[in-house]
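Shown next, in structure tokens, is the structure this report addresses.
Note on naming: letters A, B, ... go to the chains in the order of the sequence lines (proteins, then strands), and numbering restarts at 1 for each one.
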Amino acid sequence: MADEKRITAQSEDFDRWYTDVVRRAELADYSPVRGCMVIRPYGYALWENIQRALDDMIKRTGHENMYFPLFIPESYLQKEADHVEGFDPQVAWVTRGGGKDLEERLAVRPTSETIICSMYADWIHSWRDLPVKINQWCNVVRWEHRTRLFLRTTEFLWQEGHTFHQLDSEAAKEVDTMLDCYRELTEDWLAIPVIKGRKTESEKFPGAEYTVSIEAMMSDGWALQSGTSHHLGQNFTRAYGIAYSDRDNQRQHPFQTSWGLSARTVGAVIMAHGDDMGLILPPKVAPIQVVVVPITRSNDEAGAATVEEATARLESECPAGVRMRIDRREGMRPGEKYAHWELRGVPLRIIVGAKDLAGGNVTVVRRVDGAQDTVPLDGLAAQLPQLLEAAQQAILERARKRLEERSVDVSSLDELVAAFAERPVFATAPMCNTAECETAVKAAVHALTVRVLRSDRPSDGAPCIACGKPADFYALLARSY
RNA sequence: CGGGGCGUGGCGCAGUGGUAGCGCACCUGCUUUGGGAGCAGGGGGUCGCUGGUUCGAGUCCAGUCGCCCCGACCA
């Protein structure tokens with residue numbers, strides 16, 4: 001096998017492996033515009049499957065989709081001080097249109113809180129108008145210094161949900177509900193176990209009361225934030241003058257949330273599951289779930305006819321809902337086809353050849369672990385849903401095991417340093433939610449960040465690893481993308 | 001914005017001042033086909049751009065543009 005046909009090994013250079021996979025598997029490519037990417041059909045199909053699953057959850061939890069414009073007048077953007085300051089360096093501006101300079105420049109949305117609040121200020125008047133629970137699927141632009149395909153691009157695709165509630169507690173519940181949707185999507189569909197928690201003060205969304213997120217471990221031990229949910233309190237509704245009359249005819253500002261998940265999750269799938277042969281896609285979101293490779297010899301007409309007959313049978317018996325592809329390409333040897341579909345992460349491969357068919361069998365190979373079985377053709381098609389489900393579980397288990405093996409509890413800065421000595425891990429340690437303690441912890445290990453203050457590990461009063469006082473949280477510490 | 005590197009067919013590269021080449025990919029045909037095939041033939045580049053030196057510039061000089069890598073922001 002020629003070296004140049006292979007992708008860079010993960011152990012050699014994980015970043016290059018990632019870029020190689022994205023481009024060679026034809027998920028995406030760089031565009032002529034710096035920092036932007038073209039999502040190719042295979043990558044977009046994957047994103048569409050993720051979208052569909054999440055969109056169903058968004059609808060199930062009582063939200064409606066709508067659409068706000070791409071351009072936001074500068075004056076709209078500027079009403080919430082923390083928000084403006086937080087996003088200012090990343091905003092792209094349109095200053096010219098119709099052949100002349102604009103009177104007011106227009107921001108290309110970095111997120112839509114401001115325009116949404118401006119509109120809902122006109123639409124919310126009564127307690128009967130609440131709650132408002134809406135969502136939009138769109139693109140946003142945030143000028144970035146360093147970009148990476150899917151993980152961080154200047155323009156990216158996402159959904160942003162926005163809600164308004166009468167009570168602080170209702171908003172808080174909404175924040176949790178939607179974070180749990182993200183957890184469900186990531187674990188049940190993408191087969192990536194996650195850790196939920198709250199962002200530190202320094203990492204929360206600009207303008208939010210607090211931010212919660214889910215954090216996933218990539219196969220190199222680095223963390224990737226894969227969905228965030230914000231409690232915005234009344235910060236924006238006050239700034240934008242959203243007010244309603246409650247049952248006692250008192251004027252009130254509603255409590256607000258927003259939450260988002262981006263096409264970065266495609267990057268999470270790639271980095272959480274992929275190996276040196278390429279992608280490994282969870283069946284539930286794989287654009288192609290089963291690929292059939294017929295093997296025919298030009299000097300064996302009878303054999304070729306048998307193979308074609310068996311192939312056609314698989315195709316016609318394939319259950320509805322199973323995404324099957326038959327690879328009938330001519331002039332390509334089987335080995336090349338195997339490599340082609342392995343690179344693209346197709347969960348199951350069925351090899352249909354004359355040798356096996358002599359005994360009424362075909363060979364089924366599972367991408368995640370290479371498990372190979374010679375099974376009767378008879379009845380195989382009907383079993384595909386179960387085989388795919390088993391593959392989905394195997395992928396999840398593999399990721400779960402890695403997360404467990406590479407997670408460690410530490411109770412001092414020395415232990416923290418030791419934990420990262422060999423390889424990146426997820427370290428959990430008691431910590432205060434203060435800038436001082438965060439700075440101290442980050443300084444202990446190169447490129448370390450506080451991912452979240454874990455919501456599954458309530459404080460037991462253990463001393464903070466930075467300052468030694470009883471800590472309010474257990475923090476998840478990791479290097480992150 | 002600071003430090004480093006690179007611009008030559010789609011991709012990766014070679015090219016000593018003398019009229020542009022290799023590998024991969026692509027197209028055609030034949031043979032092959034149970035792990036990335038072989039042979040034969042074929043198409044494709046005003047060498048990033050501008051100016052200069054020279055009889056002559058991919059090559060030397062100046063400028064300019066763009067890109068990549070490393071440091072300060074982020075889903």
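- With sequence neighbours excluded, the residues forming a salt bridge (Lys or Arg N to Asp or Glu O under 4.0 Å) with Arg329(A) are Asp327(A), listed by chain and number.
- A gap of 15 Å separates the C1' atoms of G45(B) and C26(B), to the nearest Å.
- Between the side chain of Glu342(A) and the base of G36(B), no donor-acceptor pair under 3.5 Å is found.
- Atom name C1', nucleotides C47(B) and G9(B): the rounded distance is 10 Å, in whole Å.
- Using P as the reference atom, U50(B) and U59(B) are 13 Å apart when rounded to the nearest Å.
- Contacts of Phe14(A) classified as ring pair (Phe, Tyr, Trp, His ring centres under 6.0 Å), with partners at least two apart in sequence or in another chain: Trp17(A).
- A straight line from CZ of Arg24(A) to C1' of A25(B) spans 11 Å, rounded to a whole angstrom.
- Summary of the strand contacts: Met277(A) and Leu224(A) both lie near RNA chain B, and taking for each the nucleotide with the nearest heavy atom, the more 5' one is attributed to Met277(A).
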Detail all sub-3.5 Å separations between protein N/O atoms and N/O atoms belonging to nucleotides 69-72 of chain B.
{"residue": "C70(B)", "atom": "OP2", "partner": "Arg146(A)", "partner atom": "NH2", "Å": "2.8"}
{"residue": "A72(B)", "atom": "N1", "partner": "His145(A)", "partner atom": "ND1", "Å": "3.1"}

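- Under the ring-ring contact (aromatic ring centres under 6.0 Å, His included) criterion, the residue pairs touching residues 173-215 of chain A are His83(A)-Phe205(A), Phe87(A)-Phe205(A), Phe205(A)-His230(A), Tyr210(A)-His231(A), with sequence neighbours excluded.
- Of the candidate nucleotides G35(B), G36(B), G34(B), G36(B) has the atom nearest to the side chain of Glu336(A).
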Where do Ile192(A) and Leu224(A) land on the side chain to side chain contact (heavy atoms under 4.5 Å, CB included) test, with the steps shown first?
CA-CA 11 Å; Ile192(A) 305 171; Leu224(A) 186 70; over 6 Å; no
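- Glu26(A) is linked by a salt bridge (Lys or Arg N to Asp or Glu O under 4.0 Å) to Arg344(A), counting only residues two or more places apart in sequence or in another chain.
- Whole-Å rounding puts the Arg329(A) CZ to G36(B) P distance at 15 Å.
- We find that CZ of Arg148(A) is positioned 17 Å from C1' of C73(B), with the value rounded to whole Å.
- The side chain to side chain donor-acceptor pair (under 3.5 Å) check on Glu438(A) picks up Thr200(A), Ser202(A), with sequence neighbours excluded.
- Of the C1' atoms belonging to C11(B) and C67(B), the separation is 16 Å, rounded to the nearest Å.
- The distance from atom CG of Leu151(A) to atom C1' of C74(B) is 12 Å, rounded to the nearest whole Å.
- Comparing the same atom, C1', in U19(B) and in A25(B) gives a spacing of 28 Å after rounding to whole Å.
- One can place CZ of Arg367(A) at 13 Å from C1' of G35(B), the figure rounded to the nearest angstrom.
- A salt bridge links Glu215(A) with Lys199(A): at least one charged nitrogen is closer than 4.0 Å to a carboxylate oxygen.
- Between the Asp276(A) side chain and the Ile7(A) main chain, no donor and acceptor come within less than 3.5 Å of each other.
- Of the charged side-chain nitrogens involved, none lies within less than 4.0 Å of a carboxylate oxygen, so that Lys284(A) and Asp188(A) do not count as a salt-bridged pair.
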Go ahead and write out RNA chain B as dot-bracket, 5' to 3': ( ) for pairs within the strand, [ ] for ones crossing earlier pairs, | when the partner sits on another strand, dots for unpaired; Watson-Crick or G-U wobble, both distances under 3.5 Å.
((((((((.[[[[.)..(..]]]].((((((.....)))))).....[[[[[..)....]]]]])))))))....
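- Across A40(B) and G35(B), the matching C1' atoms stand 26 Å from one another, rounded to whole Å.
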Report, one line per pair, each donor and acceptor closer than 3.5 Å where one atom sits in a side chain of residues 295-303 of chain A; sequence neighbours left out.
{"residue": "Asp300(A)", "atom": "OD1", "partner": "Gly303(A)", "partner atom": "N", "Å": "2.9"}

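- Nucleotide C11(B) holds its C1' atom 17 Å from the CD1 atom of Ile7(A), rounded to whole Å.
- Residue contacts for Gln225(A): at a heavy-atom cut-off of 4.0 Å it reaches the sugar-phosphate backbone alone, with no base atom in range.
- The residue from Asn135(A), Thr211(A), Thr228(A), Thr177(A) that alone fulfils the side-chain contact (heavy atoms from CB on, under 4.5 Å) condition with Trp259(A) is Asn135(A).
- Scanning for side chain to side chain donor-acceptor pair (under 3.5 Å) contacts around Gln136(A) gives Ser112(A), Glu160(A), with sequence neighbours left out.
- Between A72(B) and G2(B), the two C1' atoms lie 10 Å apart (nearest whole Å).
- Looking at heavy-atom distances under 4.0 Å, Thr228(A) makes contact with sugar-phosphate atoms alone, never a base.
- Using a 4.0 Å cutoff on non-hydrogen atoms, the parts of residues 289-305 of chain A near RNA chain B are Ile295(A), Thr296(A), Arg297(A), Ser298(A), ordered by number.
- The main-chain N or O of Asn65(A) is never found under 3.5 Å from a side-chain atom of Gln159(A) such that the two would form a donor-acceptor pair.
- Under the 4.0 Å criterion applied to side-chain N and carboxylate O atoms, Asp220(A) and Arg479(A) are not assigned as salt-bridge partners.
- For Arg142(A), no side-chain nitrogen or oxygen approaches OP1 or OP2 of C74(B) to under 4.0 Å.
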Which pairs of donor and acceptor atoms, one on a side chain in residues 349-357 of chain A, lie under 3.5 Å apart (sequence neighbours left out)?
{"residue": "Arg349(A)", "atom": "NH1", "partner": "Glu342(A)", "partner atom": "OE2", "Å": "2.9"}
{"residue": "Asp356(A)", "atom": "OD2", "partner": "Thr363(A)", "partner atom": "OG1", "Å": "2.6"}

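- The C1' atoms of C27(B) and A62(B) are separated by 44 Å, rounded to the nearest whole Å.
- Of all nucleotides listed (C74(B), G34(B), G36(B)), G34(B) comes nearest to the side chain of Thr363(A).
- Atom pair Asp276(A):CG and G36(B):C1' shows a separation of 16 Å (rounding to whole Å applied).
- When atom types are taken as modelled, the side chain of Gln372(A) and the backbone of Thr374(A) share no donor-acceptor pair closer than 3.5 angstrom.
- Neither OP1 nor OP2 of U32(B) sits under 4.0 Å from any side-chain N or O of Arg333(A).
- When rounded to the nearest whole Å, the span between CD of Glu330(A) and P of C30(B) equals 11 Å.
- Among the heavy atoms of the strands lying under 4.0 Å from Gly353(A) is at least one base atom, whether or not backbone atoms are also near.
- Each of Val362(A) and Ala263(A) has a nearest nucleotide on RNA chain B; the 5'-most of these lies closest to Val362(A).
- Scanning residues 190-223 of chain A for heavy-atom distances under 4.0 Å to RNA chain B yields an empty list.
- The residue Thr153(A) sits close to a base: some heavy atom pair falls under 4.0 Å.
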